[in-house]
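Only heavy atoms go into these numbers, but all of them, side chains included; no hydrogens, no water, no symmetry mates.
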Amino acid sequence: MIRLALLWLCTGSCLFAAAPQPIVEFLLGGHLRNTGSLGGAGEFAPAPAGEEIHFGTGHRGLGLDTRAARRGGGGDREPAGGAVVFPGDRIPAMESLTIGVWFRPEPGNAPARLLYLSNRLDLYLGNTTVGFNVRHGEPPRDHQMRTPGDQAPVVLGVWNYLAMVHDGKQHTITCYHGTDSGPLREVTVWRDV
């Protein structure tokens with residue numbers, strides 16, 4: 001599936017501005033401690049035998065190795081490998097947010113979940129494309145987005161960096177992507193979100 005090395009979530013649209021301290025930051029350096037402002041820790045989700053995730057080689061040091069999982073993430077009722085659970089009720093409602101993650105997808109990684117916030121947000125890979133689903137508004141409305149197939153940003157077998165910036169005032173989500181050997185670039189902007 002994938003290897004994860006860093007996951008962070010901060011309030012506001014902070015990709016290029018001076019970033020505030022993330023509220024959730026998993027450095028994944030041999031522990032599941034949240035070094036962000038909310039504190040606390042994550043835990044490995046229950047997984048079927050033989051599909052457990054574990055600490056392994058990361059981008060710069062340790063990370064999470066989810067390759068044993070048949071699929072990433074999982075619903076509330078069916079265990080699946082490849083997930084770290086953090087108490088989502090501690091994450092406040094946010095008008096704007098920025099998500100950043102280093103990951104290394106392996107061939108056959110579809111689908112692979114990178115982040116799921118209890119029925120509010122789902123960030124995942126589908127081979128070399130990125131999917132992002134959000135639910136918000138009053139009444140709640142689902143927004144389902146994918147990077148265009150002809151601009152699929154993800155490179156298999158190398159470390160990729162993905163940043164998603166949701167600007168609640170502009171009602172946009174911008175997807176950025178880069179690798180160790182390539183600069184961070186804007187992939188697409190989804191509007192009216």
Side-chain angles (χ1 to χ4, degrees), residues 1-47 51-69 71-76 79-94 96-106 109 111-125 130-134 153-154 158-166 173-180 184:
M1 291 298 236
I2 57 173
R3 295 180 186 190
L4 290 174
L6 166 72
L7 172 66
W8 57 265
L9 171 69
C10 62
T11 58
S13 307
C14 61
L15 184 61
F16 297 110
Q21 179 185 8
I23 59 173
V24 176
E25 179 180 53
F26 287 114
L27 300 175
L28 306 174
H31 59 80
L32 297 178
R33 189 171 47 252
N34 174 21
T35 56
S37 62
L38 286 179
E43 59 184 42
F44 290 124
E51 293 189 40
E52 299 87 356
I53 60 176
H54 61 275
F55 292 106
T57 304
H59 180 246
R60 292 190 174 31
L62 286 177
L64 289 182
D65 189 331
T66 69
R67 292 177 295 169
R71 62 185 179 83
D76 293 332
V84 171
V85 178
F86 181 75
D89 57 338
R90 297 188 53 211
I91 298 173
M94 295 169 273
S96 298
L97 65 92
T98 300
I99 301 164
V101 62
W102 276 103
F103 61 97
R104 180 181 168 154
E106 304 295 338
N109 73 327
R113 181 172 279 155
L114 297 174
L115 177 65
Y116 178 76
L117 290 178
S118 185
N119 213 20
R120 295 178 359 201
L121 177 152
D122 194 3
L123 176 60
Y124 61 94
L125 303 178
V130 175
F132 195 55
N133 300 336
V134 294
V154 177
V158 301
W159 285 99
N160 293 253
Y161 180 75
L162 185 64
M164 306 299 282
V165 180
H166 179 206
I173 296 176
T174 306
C175 174
Y176 297 91
H177 176 269
T179 64
D180 277 336
L184 192 65

Reported CG-to-OH distance for the pair L162 and Y176, which is rounded to 0.5 angstrom: 12.0 Å
Only counting residues at least two apart or in another chain, list the ones meeting side chain to side chain contact (heavy atoms under 4.5 Å, CB included) with F44. L32, I53, F55, L64, V84
Please test W102 against N160 for side-chain contact (heavy atoms from CB on, under 4.5 Å), starting from the C-alpha separation and ending with a verdict. CA-CA 6 Å; W102 276 103; N160 293 253; 5.7 Å; no
Which heavy atom of V154 sits nearest to which heavy atom of P105, and what is that distance? CG1-CG, 3.5 Å
So how far is it from F86 CZ to I23 CD1, rounded to the nearest 0.5 Å? 8.5 Å
In the structure I gave you, are the side-chain heavy atoms of L114 and L125 within less than 4.5 Å of one another anywhere? yes
What's the spacing between T179 OG1 and W159 CH2 if we round to 0.5 Å? 13.0 Å
Can you give me the closest heavy-atom contact between P153 and V130, atom names plus distance? CG-CG2, 4.0 Å
Can you tell me how far apart CG (L38) and CD (E25) are? Round to the nearest 0.5 Å. 12.0 Å
Pairwise distance CG(L97) to CD1(I173) - rounded to 0.5 angstrom: 7.5 Å
Is any side-chain heavy atom of L123 closer than 4.5 Å to one of I99? yes
Run the side chain to side chain donor-acceptor pair (under 3.5 Å) test against D180 and tell me which residues pass, sequence neighbours left out. H59
